[in-house]
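The block underneath contains the structure these notes are about, expressed in structure tokens.
Just so it is clear, the structure is predicted and the values come from calculations on it, not from any experiment. Throughout, a chain's letter reflects where its sequence line sits, starting with A, and its residues are numbered from 1. As a basis for the values below, the full set of heavy atoms in this structure was taken, side chains included, without hydrogen atoms, waters or symmetry mates.
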Amino acid sequence: MESYLLFESQEPLECAQVPRHYALAAGLKKEGNRVTLFLVQNGVAAARRSLRSDALSQLIDAGVEVLADDFSLRERGMSALRLTAGVKVATIAEALDQFAEGRKALWL
Amino acid sequence: MKTLQIVTAAYRCNIEEQDDPVLWISQAMKAGGADLHLLLEGQAVDYAAKGQEASGLSFGGKKQTQPPRIEDDLKRLVATGAQVFALDEDVAARGLERADLIEGIKGVSRADLARLFAGYNQIWRW
Amino acid sequence: MTKKKLTLVMMDAPFENARTVTGLRLIDAAVRRGHDVTVFAYEGAVALTFARQAPHANAVHGRDAAQEDHPLPKDWIASLMEDAPRHGGRLEWINCGLCVDERGVGEAIPGAKRGSPADLWKAAEASDNTLVIGTR
């Protein structure tokens, strides 16, 4: 089993590739790896409970840890109360710690 | 340390740089002994196409004498022993067929990415 | 916390994309944890340490230069370099030399070094992990 840290800085309405990034996260998880998707910058916008947050719900159900950068949320006036269930608010230091622990880290 | 260099953007600044910056740095590191291999993804799969030709630009009287030659760069990387993969689904989505691609490009499907990644110590996604 | 050696690659020019600030936030977090960090600045990112960045006023918001206190990446990076030893680590900043030349940004802040792809590979091999923040 390997561990992955994936940074997602874009959201699906902005970039057509984002669903493929989510699929990569799901695929890595399906192979038995530990996977964290760290939403940052515009990537957090997908976490606001809406039709487009279903894709993140599916990732969470599949066992992917989905974290949303606290600063990016605050910058966009996004309350943690409005996030899709299962998305956890996290700090950049938490992402850094996962990177420092040696997870394969990809900026999507 | 065995790395997979994932190239995602294409034709971004190639004319000004006379190179694709990721293919260039990959060649430079490879020449220094780096154990690296490439995956072309998204629009970068177009880099595997034969017949790319970017010569002939001039601005005022200033002609570009050394246009980027992406096809040659990839062929050089293949010749060094680097494995160069292109994502099958992205190749097909862009209407490219196997015969359109330069020799030595290996296909990999999206479903096999996790297994591909497992073979490398690090994945550098540019 | 175990001290680690980390390498980051940045590509974006200053003032063009939020990836720059996210990269600096990661570096800041690493510095605060006392890690040894090497940054390889490639392409536009070599201008992040350009010494001639200058602040300005903001007439739209009615602020003079002092009030605007416009951030300059070179100052943030200089501050991170200064801060790193206080936490038991260090921040090494390497600018890709050819990228520096073609952009004419050779005048860099003290401590920013000029290097080549070989330096990136060497740093990565010596590191516990590497993250590339590519441009789009």
(request) Please confirm whether the backbone N or O of B:Y47 pairs with a side-chain atom of B:Q52, one donor and one acceptor, at under 3.5 Å? (result) yes

(message) Can you confirm if the aromatic rings of C:W93 and C:W76 lie within a centre distance of less than 6.0 Å?
(response) no

(message) For a quick check under 3.5 Å, do B:N121 and B:T3 share a side-chain donor-acceptor pair by atom type?
(response) no

(message) Can you tell me which portion of B:E16 sits under 4.5 Å from chain C's heavy atoms? Options are side chain, backbone, both or neither.
(response) neither

(message) With a sphere of 6.0 Å drawn around NZ of C:K74, does it hold more than 12 non-hydrogen atoms of other residues, nucleotides or ligands?
(response) yes

(request) Please look at C:E102 and chain B and tell me whether the side chain, the backbone, both or neither of the residue comes under 4.5 angstrom of a heavy atom of that chain. (result) side chain

(request) Could you look at C:I133 and say if it's the side chain, the backbone, both or neither that has a heavy atom under 4.5 Å from chain B? (result) neither

(request) Select, from C:N129, C:L131, C:V9, the one with the greatest count of heavy-atom pairs under 4.5 Å involving chain B. (result) C:N129

(request) Please state whether the side chain, the backbone, both or neither of B:R125 comes within less than 4.5 Å of a heavy atom of chain C. (result) both

(message) By the definition ring-ring contact (aromatic ring centres under 6.0 Å, His included), identify the one residue from B:W124, B:Y120, B:F85 that meets it with B:H37.
(response) B:Y120

(request) Please flag which part of B:S26 lies under 4.5 Å from any non-hydrogen atom of chain C: side chain, backbone, both or neither. (result) neither

